[in-house]
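These notes are about the structure you will find just below.
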Amino acid sequence: MNTIIPNESRTELLEGLTDAQKRAVEHLDGPLLVLAGPGSGKTTVVTRRIATIIAHGVPAWQILALTFTNKAAGEMRERIDRLVPGNVPGRRGLTVATFHSFCVRILRHYASFAGISERFTIYDAADQRDAVKQALGEAGLSSGNWTPASVAGAISNAKNQLLDAAAYASQASDFYTRSIARAFAIYERILKSNDALDFDDLLLRAARLLRERAEVREELQRRFQYILIDEYQDTNHAQFVIAHSLAAAHTNICVVGDPDQSIYGWRGADIRNILEFETHYPSATIIPLGRNFRSTAHIVRAAAELIQHNARRKHKKLHTELADGEKPQVVICQDEHHEASLIVDRFRALHDEASIAWKDMAVLYRVNALSRVLEEHFRDSGVPYIIARGTAFYDRKEIKDALAYLRYVANPSDEVSLKRIINTPARGIGKTTLDGIEKQAVLGRARLVDLLRNPAAVEGLSARAAGAIGKFNAMVDGWRAMNESGGILLEASSGLAELVGRVVRESGLEALYRKSRLEEDQERLENLEELVSAAADFTMPESDVTDDQGRPLDLPEPTVLDVLSAFLEKVALVSDADMVDPANGAVTLMTLHAAKGLEFDAVAMAGLEQNLLPHARATQGDGGELEEERRLCFVGITRAKRHLMMTRAAVRTHRGLRERTIPSQFLDELPRESIVLSDQAAVDETYAYGGDDDPFGDEREARGYGSWSPRTGRAAAGKDDSFPVGCRVRHPKFGIGLVEAVTPRPAGSSARIKFSSVGTKTLILGYAKLTRVE
DNA sequence: CTGGTCATTTTTTTT
DNA sequence: AAATGACCAG
């Protein structure tokens, strides 16, 4: 290893690190696993290690770092830029990308090897659902028992296991899977004829390309001599194959992660990838980082104690040398409005009295649905807030419409987009017309997109419809012509803004909302304008196409269509977490999932309730899912540096139904001595229900409602056997029911009871006014 | 063909 | 509660 930069710069890279951190930073060649607990300085270690590798003379273009979100990638890039001095030769060309965007690049570059069009469109979840729906229709599966969502999920799971439609079909044994296999095959055909790939395809195709095409694999192996993977606990099988195909030749692979923060099992993430890293690489160096530099001691102890309850876990010590600090508060609230206002009050106090900036606070919750009420209260109280929902803007109807136009302009095969916009706004190409053409497309084995290009050839088409289609085609051609006429002459990125502007105007979308005076439509108009400015702000990412020596290649100036494709690609791959802007002077509201990797001075976790955290879908099953929920709770707690508040509402309105909640079992698993419990539901007299509406008011007063106490408390209630499984009970409102299951819990046993009138309900025996009947 | 109303449903989490 | 889909009158 030749040394390029002086030793003192290298020792600077080790400054202030613990011994374990130093060992990780200095590890150069061979497989390395860094087990990084929360707040253990993972990002510091990773970035300094890359800087160290460069300092040892490895050119940056030989290094590949893969992350899960654009934000993580951007942050890493930025921190490395700050660490590596400008006079270091070969510091350019470092690849830091998300798995998905890296795969997109590979696939576009090696499109012919992968057997796909290099102008492929990326389908998002909604497009995917549409395509699945269409596939189900063609397969003759009535959508009753075959919901698009469940079939899409099955297909997604298969793809994550690297099973394509044929492979899936060959191992489908029962009626259910064989039916899905049929839909799967049709779905693939639809994607293929649209030149489209879904998210899972990006990984699957890249993995197969690397596995099956030796020349591609070898070229990329030569290029990327050092590979680093962040959040390795969240990789799925396809990602595993991608990473290890690339690393196979030189085995300079460093993976960083924390099994206790694995929260994407539902998306196919395989925790075994990290647990069995040593099995794949027996020579691997393993460095655990257990010391937490982020949170004060009570918070660390609460997190450590909670995660201890996971049985399937590699034991890892979590500790801190920081002071005890403030104890996390567990607050019981009356309902979700009370909860929101207590959180707002607390944050305001921290802001006014402890001078904590709004941007250093966050509210975390399990499901997005909880954000609505929180948002209301933040808005009404005037506390600045942002909701981290990157996808929300691009999910709006008007934006999806505009993007569909753009996608069709970029990819003339994109039938899903075409269908979306051909009659939006209405231009006389309705369902009857389209059905007719589609029928003929099937008969003549032609593509709908091709028939539409040539309406004269379609039989039985009314002159009016043919005229409307002709006008539509002329409009699209006009946009596409911008590429030839002005593309190279114009500055390409301002060309993009012009194209987007023209599409918004000429498509009639703008006029559609302009003529309306509804506030909602005015908002849509503004959103469209925002899209045009987003296009104007968009800069073509620096091309890092290089020869296999890493020298940048001179490329022709990008055309407007190139810029458009890049723009659409960026738009397709944004995530919620990407939208967390640290410069923003506002409290961040987001899901627990989106919070991973972030930290805040003050954190509030809302909805610490059974069936919410842990989520209802995880409470049944083999326990693996429950452990993932516990890890999610662990992730939430460990986001907090100094102040942590965990709330639960005694009553919550869920899907329009006002229901009493059960405290989250995770609350029982926190160390009593490290938390403070406050029961605002009983104490806070100033906050009241709207009089007679309160369905549980009397009861609450009568029973000292909500006086939860950890571990001991109501332990006697745990042995409640007055309503054994199988007995019949009467409920004052629901009538007669059958006890199906009883769950003994220290905070009050609950029972699942099937009522003939209202179906199955889970009730707390201590609260429900049940009487046993014979 | 279009635009409205009414009924029905709700994958938690996301690249 | 909200969003989608089915259905029906212009």
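Heavy-atom basis, side chains included; hydrogens, waters and symmetry copies ignored. Quick note on labels: first sequence line is chain A, next is B, and so on, each numbered from 1.
When the C1' atom is compared between C/dA6 and B/dT11, the two are found 23 Å apart, to the nearest whole Å.
A side-chain donor from one of A/N236 and A/N160 sits under 3.5 Å from a side-chain acceptor of the other.
As rounded to whole Å, 8 Å separates atom C1' of B/dT13 from atom CG of A/N368. A/Q610 has its CD atom 17 Å from the P atom of B/dT12, to the nearest Å. What separates NE2 of A/H654 from P of B/dT9 is a distance of 16 Å, to the nearest Å. A/E628 places its CD atom 18 Å from the P atom of B/dT11, with the value rounded to the nearest Å. Atom CG of A/D335 and atom P of C/dA1 are 13 Å apart (whole Å). Between A/L657 atom CG and C/dA1 atom C1' there is a gap of 10 Å when expressed in whole angstrom units. One atom, CD of A/E625, and another, P of B/dT12, lie 12 Å apart when rounded to the nearest Å. Atom-to-atom, CD of A/Q233 to P of B/dT13 comes out at 20 Å; the value is rounded to the nearest Å.
Of the inter-residue distances, the one linking A/S371 atom OG with A/F378 atom CZ reads 11.5 Å to the nearest 0.5 angstrom.
Judged by a 6.0 Å distance limit and a 45° cone about the ring axis, A/R108 is positioned over the six-membered ring of A/F120. For the pair A/R105 and A/F102, the NZ or CZ position fails the cation-pi test of under 6.0 Å to the six-membered ring centre and within 45 degrees of the ring normal.
Note on A/N423: only backbone sugar-phosphate atoms sit closer than 4.0 angstrom, heavy atoms only; bases stay farther off. Among the atoms of the strands shown, only primed sugar atoms or phosphate atoms (P, OP1, OP2) are found under 4.0 Å from some heavy atom of A/F68.
The side chain of A/A149 approaches B/dT11 more closely than any other nucleotide in the set B/dT14, B/dT11, B/dT12.
Nearest-nucleotide assignment on DNA chain B puts the 5′-proximal partner with A/G153, out of A/A572 and A/G153.
One finds no side-chain N or O of A/T69 lying less than 4.0 angstrom from the OP1 or OP2 phosphate oxygen of B/dT14. Using a 4.0 Å cut-off, no side-chain N or O of A/N611 falls inside it from OP1 or OP2 of B/dT12.
Among A/V651, A/L374, A/T653, the one residue that satisfies the side chain to side chain contact (heavy atoms under 4.5 Å, CB included) test with A/E336 is A/T653.
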Check nucleotides 2-9 of chain C for protein N or O atoms closer than 3.5 Å to its own N or O atoms and list the pairs.
residue: C/dG5; atom: OP1; partner: A/K133; partner atom: NZ; Å: 2.8

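Stacking between A/Y264 and the base of B/dT14 is absent under the criterion of ring centres within 5.5 Å and planes under 30 degrees.
Remark: side-chain polar atoms of A/N194 are paired, donor with acceptor, to backbone N or O of A/V416 under 3.5 angstrom.
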Worksheet item: Can A/Y264 and A/H593 be said to form a ring-ring contact (aromatic ring centres under 6.0 Å, His included), step by step?
Response: CA-CA 8 Å; A/Y264 286 101; A/H593 283 90; 5.2 Å; yes
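Residue A/R366 places a side-chain atom within donor-acceptor reach of the base of B/dT12, judged by atom type and a 3.5 Å distance cut-off alone.
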